[in-house]
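We're numbering straight along the sequence, starting at 1.
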Amino acid sequence: FVLIFLFMMWVIVFMNDAERRIPIQYAQRTVGRRMYAGQNSHIPLKIGLAGVMPVIFASSILSVPTLITFFAQPVGIWKTILDAFSVNGWIYMVMYFLLILMFAYFYVAITYNPVEMANNLRQSNGTIPGIRPGKSTADYLSKILSKVTLLGALFLAFIALFPIIFGRVSGMSNLSLGGTSIIILVGVALETVKQLESQMMMKHYKGFLD
């Protein structure tokens, strides 16, 4: 159990820092009397673009049948339906998986706009090697976003469903790994480390007058 817990933490840390880098090439430009040479850069797209939000939304929706049992005791066919949506049920896991995928694509669709990203690249004289500016660049970015979102959604679904499957197979249903809680905990810990590193760099930074 401890080894599985540590393995999940390693997977979360690895996927949290994983990113898809899209190469960008900037053309030469002249500003005043100076000519700036072209530069090569990249657009980093994190695998977990949606973060933990799809898991939170999916679990909130699937918790509605459980809340109903607190206010009423269903009987007959309604009891059968609510039992099918129990946390350890297969229907719950299938719906959980599908909702995570749906909310991941929905969150990325409202957060990242490939057309706007392509226009920003064109305004800054940046191009993707082998891709024409404009609509071709927007289509290419949309294709990459779709693949990255699918990989991130599958990662979230694995972390969220693994504790349920593990408890069902091993019979240790009382021991919950808490996949969503681990994602939040690891994310906060990594962000805290980054903030500490930035503060330490600011403290040791020497200005031009020093």
Side-chain angles (χ1 to χ4, degrees), residues 11-58 60 97-160 180 183-208:
V11 172
I12 294 173
V13 173
F14 178 80
M15 294 297 292
N16 188 76
D17 293 334
E19 60 185 18
R20 169 71 160 86
R21 296 181 178 181
I22 302 177
I24 302 295
Q25 186 175 4
Y26 292 96
Q28 293 183 352
R29 57 177 180 170
T30 303
V31 180
R33 296 183 177 180
R34 292 186 177 182
M35 177 175 290
Y36 293 89
Q39 296 179 350
N40 294 326
S41 183
H42 64 269
I43 299 178
L45 295 177
K46 283 189 170 294
I47 300 300
L49 289 173
V52 74
M53 298 305 295
V55 178
I56 295 176
F57 289 153
S60 299
F97 177 80
L98 295 177
L99 286 174
I100 289 176
L101 290 180
M102 183 185 70
F103 282 118
Y105 276 98
F106 174 75
Y107 187 86
V108 173
I110 64 176
T111 305
Y112 296 89
N113 188 355
V115 177
E116 184 179 354
M117 295 170 64
N119 291 334
N120 292 335
L121 282 176
R122 175 184 288 181
Q123 293 176 1
S124 59
N125 294 326
T127 58
I128 300 176
I131 306 297
R132 294 176 61 87
K135 186 177 183 302
S136 299
T137 300
D139 293 340
Y140 178 78
L141 291 174
S142 178
K143 184 178 179 181
I144 296 298
L145 279 173
S146 178
K147 293 180 179 180
V148 171
T149 303
L150 177 60
L151 186 59
L154 292 177
F155 155 69
L156 289 176
F158 168 76
I159 297 298
T180 308
I183 295 175
I184 298 175
L185 179 63
V186 173
V188 172
L190 292 177
E191 189 65 26
T192 303
V193 171
K194 292 180 181 178
Q195 292 290 336
L196 290 174
E197 290 179 351
S198 63
Q199 290 293 330
M200 292 176 63
M201 290 180 63
M202 291 176 61
K203 292 293 183 181
H204 295 285
Y205 177 76
K206 294 184 179 181
F208 295 102

Does K143 come within less than 4.0 Å of D139, counting only side-chain N to carboxylate O?
->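 Looking at K143 and D139, the cut-off is not met.
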Where is the tightest heavy-atom contact between [X] and [Y], given as atom of each residue plus distance?
| X | Y | result |
| --- | --- | --- |
| A160 | I100 | CB-CD1, 4.0 Å |
| F97 | A157 | CD1-CB, 3.5 Å |
| A58 | L99 | CB-CB, 3.7 Å |
| G134 | A118 | O-CB, 3.8 Å |
| P23 | P129 | O-CD, 3.4 Å |

Which value, rounded to the nearest 0.5 Å, describes the distance between [X] atom [atom1] and [Y] atom [atom2]?
| X | Y | atom1 | atom2 | result |
| --- | --- | --- | --- | --- |
| Y105 | I110 | OH | CD1 | 15.5 Å |
| M15 | L156 | CE | CG | 8.5 Å |
| F57 | M53 | CZ | CE | 3.5 Å |
| K46 | R21 | NZ | CZ | 9.5 Å |
| I43 | E19 | CD1 | CD | 12.0 Å |
| M117 | I144 | CE | CD1 | 10.5 Å |

N/O donor-acceptor pair under 3.5 Å between S60 side chain and I56 backbone | yes
Within a strict 4.5 Å, meaning less than it, do heavy atoms of the [X] and [Y] side chains meet?
| X | Y | result |
| --- | --- | --- |
| Y112 | T149 | no |
| V55 | I159 | no |
| I24 | N40 | no |
| L45 | L141 | no |
| V148 | I47 | yes |

Could you check L154 against L101 for side chain to side chain contact (heavy atoms under 4.5 Å, CB included), going step by step and ending with a plain yes or no?
-> CA-CA 7 Å; L154 292 177; L101 290 180; 4.2 Å; yes
For atom CZ of F158, decide whether the heavy atoms of other residues, nucleotides or ligands shown that lie under 6.0 angstrom number more than 12.
->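 Counting other residues, nucleotides and ligands, CZ of F158 exceeds 12 neighbours.
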Out of N16, I12, L150, which residue meets the side chain to side chain contact (heavy atoms under 4.5 Å, CB included) rule with F155?
->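 Single side chain to side chain contact (heavy atoms under 4.5 Å, CB included) partner of F155 among N16, I12, L150: I12.
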